[in-house]
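Because only heavy atoms are used, hydrogens play no part in the values below, and waters and symmetry mates are left out as well, while side chains stay in.
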Amino acid sequence: SATHKSVYRKLCVLLPLEKTMSDPIEPSTSSSSTKDPALLIHPRREPFEHGLLPIPKLIFTDPTQTLIPLKQKLIEQSASHRVNSAAISEVLQISIDHARLVLDTLASVLHSESDPLLKSKPDVVDEVGADVNDLVLFLYIQSYKKLLPRTHKDSAAVADVWPSTSAFDGYLSALSPLQLVRSNSRRFVPSQADEEAHQLSYLQKHLANIVSLLAEPVEGEGEESLVLTMEKFEHLGFLFYFGDKGSEGYHLGQYAPFFANSDPDMPAVPVPAAQVHDWVLQNIISSLENISERISPKENGPPSSSDQDVPMADACTSTNKGSISVRGPSFIEGISKSSLIKQASDLKGSSVKVLNCHDSVIYILAPLRYATVYGCSDATIVLGAVGKAVRIEHCERVHVITAAKRICIANCRECMFFLGVNQRPLIVGDNHKLQVAPYNTFYGQLEEHMNEVGIDATINRWNEPLALGVVDPHDSLSHPAGVSDAQAESGSHLDPEQFTNFLIPNWYGGESEGSTKDNPFPLPDIYVASQQRNNNLGEVKQILREAPLEENRKRELSTALHVYFKDWLYGNDHFYIVSSS
């Protein structure tokens, strides 16, 4: 409304907007090095890593001036201040498919597990809708630009890790996904600390705008006063959290001095927006100082093996083990020419990142919230049950097998995806020769893990990929400014004649045992028929187990069969790696 716009302009006078946007960070009076880590503010990574959509109409050159009137229009659509796909489509002038994508993507990165949108079955999502306050914050951060990867300190050493160039490189002028990652400057994924600092700096720069989107004028006190209620303040939890145990901790209001001691039985008194802004800003500055202090020693000397924030690229030369972080996601990186299995007890936290792995088989048999696979080639990667989102990016000749709520595939080539997904697979960026197929494996605890994270085995939309644009405005590395956009190449369906089960070895028994004895996702009839014709590997393994041979002779025979089978697969243009049990 005109009144709200006027109030916003006055808020920009009250809040030090120009200062936060352009001036360098001023040191705080107290040393951040002595501050309790539990009292440091962090950006929630999930909206920035899994919540950005390359839809041009969602990216505003002046987000606040655009979103304030859009928010008012959205509010007018529903007395409950919750909006469905139809309302989003009408107000944002986007297709109904894109509006539903906005709704589903927002749900995958929401901060509040109690939000009814997260508990809704797919067929009633539109009846529940999204909270307008969360939606406008989600739309605001669509202006975020990802941090460019930095150069590795030892380019020559890392060069040996990368695989040979793609077969496509000879006749396609565009760089392949891995060529982009391993281009002349040998760029790699930024460290977790670098990314956190980049996200915090973005939020610092835009904090006054973000606060203004949640604030409202005080009735009867004119346009000079904007306040935040405790309920509106909690929506900032979409972007921030406190503590060192991840973003599933306490409500944001428990850390704010102006709400911390509020009587739960009484509505908290609204707080001036300027006071909220100043408090959050000071916490951001303290955290940025803390990050700077942690990074400085690493830039002046080699990182220690126990450093939780070691840059991802620096572990690429480690070829036989993963690096697990206590805080945030677990990392599995630099695996080369080997097999790796991680079960729930091996992981810290509920998110996993698989980075720069080549010529390997990786099994992550655990219930997860988020999973990312980046910069891998010639590998088979099995992701157990992922309840929020999977992102596969800059990969070549990789097979991904996953049961997940949703998946996004970006800038990949010659990859194959065996999917059990409740939402349409999202395909963005410069992709070539992708294939999709129904889910084709199981392990003992799969259904237990799926139930734990909320995946419905009766819904599998593997064959309904949704392709967006080739150009990702959030990623200036893959798509420099000025490149014209077009619809991304979608994935073709795998020929049923090439479809077989993927058998997961049971190395340890124990934790791997469970009630799941078969693929929980129903297969289309045409794939069932092909499976019955082609899937005799299980019978061979059973015969081998029952053969009257000594154990060492069985292992020799199993190894020989394994080698010959792999040679056959390579000779027939397949890339399956099957491990013996």
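- Using a distance-only test at 3.5 Å, with no hydrogens or angles considered, a donor-acceptor pair links the side chain of Ser360 to the main chain of Ser338.
- Distance check, rounded to the nearest 0.5 Å: CZ of Phe259 to CG of Leu228 gives 7.0 Å.
- For Tyr144 and His198, the distance between ring centers is under 6.0 angstrom.
- A perpendicular orientation is assigned to the rings of Tyr202 and Phe48, their planes being inclined by more than 60° (bins at 30° and 60°).
- Counting all heavy atoms, side chain and backbone alike, Cys395 lies closest to Cys415 at O-SG, 3.5 Å.
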Evaluation steps, ring pair (Phe, Tyr, Trp, His ring centres under 6.0 Å), between Tyr443 and His449: CA-CA 10 Å; Tyr443 59 94; His449 291 168; 5.6 Å; yes
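- When all heavy atoms of Gln142 and Gly51 are compared, the pair lying nearest together is NE2-O, 3.0 Å.
- Taking both residues in full, the closest heavy atoms of Asn431 and Cys412 are given as OD1-N, 2.8 Å, listed atom of the first, atom of the second, then distance.
- Side-chain contact of Ser377 with His358: a donor-acceptor pair under 3.5 Å is present, judged by distance alone.
- The existence of a salt bridge linking Glu49 and Lys146 is excluded, since no basic side-chain nitrogen approaches an acidic carboxylate oxygen closer than 4.0 Å.
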message: What verdict does the side chain to side chain contact (heavy atoms under 4.5 Å, CB included) test give for Leu288 and Ile285, after you've listed the backbone C-alpha separation in whole Å, the side-chain angles of each residue and the deciding distance to 0.1 Å?
response: CA-CA 5 Å; Leu288 285 170; Ile285 292 172; 5.6 Å; no
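- The distance from atom CG of Leu118 to atom OG of Ser112, rounded to the nearest 0.5 Å, is 7.0 Å.
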task: Kindly determine whether Ile409 and Val390 satisfy side chain to side chain contact (heavy atoms under 4.5 Å, CB included), including the steps that lead there.
output: CA-CA 8 Å; Ile409 301 162; Val390 175; over 6 Å; no
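- Between the Ser108 side chain and the Thr105 main chain, a donor and an acceptor come within less than 3.5 Å of each other.
- Salt-bridge check for Glu113 with Lys388: passed, with a basic side-chain N closer than 4.0 Å to an acidic carboxylate O.
- From Ser286, atom OG reaches atom CG of Leu39 across 10.5 Å, with rounding to the nearest 0.5 Å.
- Although no hydrogens or angles enter the test, the distance criterion places a donor-acceptor pair under 3.5 Å between the side chain of Thr66 and the main chain of Asp62.
- In summary, Asp378 and Arg397 engage in a salt bridge, as defined by a charged side-chain N under 4.0 Å from a carboxylate O.
- Tested against Leu252, the residues Leu239, Leu236, Val280 include a single side-chain contact (heavy atoms from CB on, under 4.5 Å) partner, Leu236.
- Classified by interplanar angle (parallel below 30°, tilted 30° to 60°, perpendicular above 60°), the ring pair Phe258/Trp279 is perpendicular.
- Ring-plane geometry between Tyr363 and Phe502 is classed as tilted, the angle between the planes lying from 30 to 60 degrees on a 0 to 90 degree scale.
- Taking OG1 of Thr441 as the start and CD1 of Ile401 as the end, the distance is 5.5 Å to the nearest 0.5 Å.
- Listed here is the closest heavy atom pair of Arg44 and Leu110: NH2-O, 3.4 Å.
- At distances below 3.5 Å, at least one donor-acceptor pair connects side-chain atoms of Ser143 with backbone N or O atoms of Tyr140.
- The shortest non-hydrogen separation linking Leu200 to His42 is CD2-C, 4.4 Å.
- We find that Glu333 and Lys353 are not joined by a salt bridge, their nearest charged nitrogen and carboxylate oxygen being 4.0 Å or further apart.
- Counting heavy atoms from C-beta outward, Ile362 and Ile364 have side chains that approach closer than 4.5 Å.
- The distance from the CD atom of Glu452 to the OG atom of Ser350 is 10.0 Å, given to the nearest 0.5 Å.
- With hydrogens and angles disregarded, no donor-acceptor distance shorter than 3.5 Å links the side chain of Tyr370 to the backbone of Gly387.
- Minimum interatomic distance between Val453 and Val386 (heavy atoms only, all atoms of both residues): CG2-C, 4.2 Å.
- In terms of modelled atom types and a separation under 3.5 Å, the side chain of Asp346 and the main chain of Gln343 share a donor-acceptor contact.
- Using a 4.5 Å cut-off on side-chain heavy atoms (C-beta onward), Ile291 and Glu196 make contact.
- To the nearest 0.5 Å, the span separating NZ on Lys342 from CG on Leu368 amounts to 13.0 Å.
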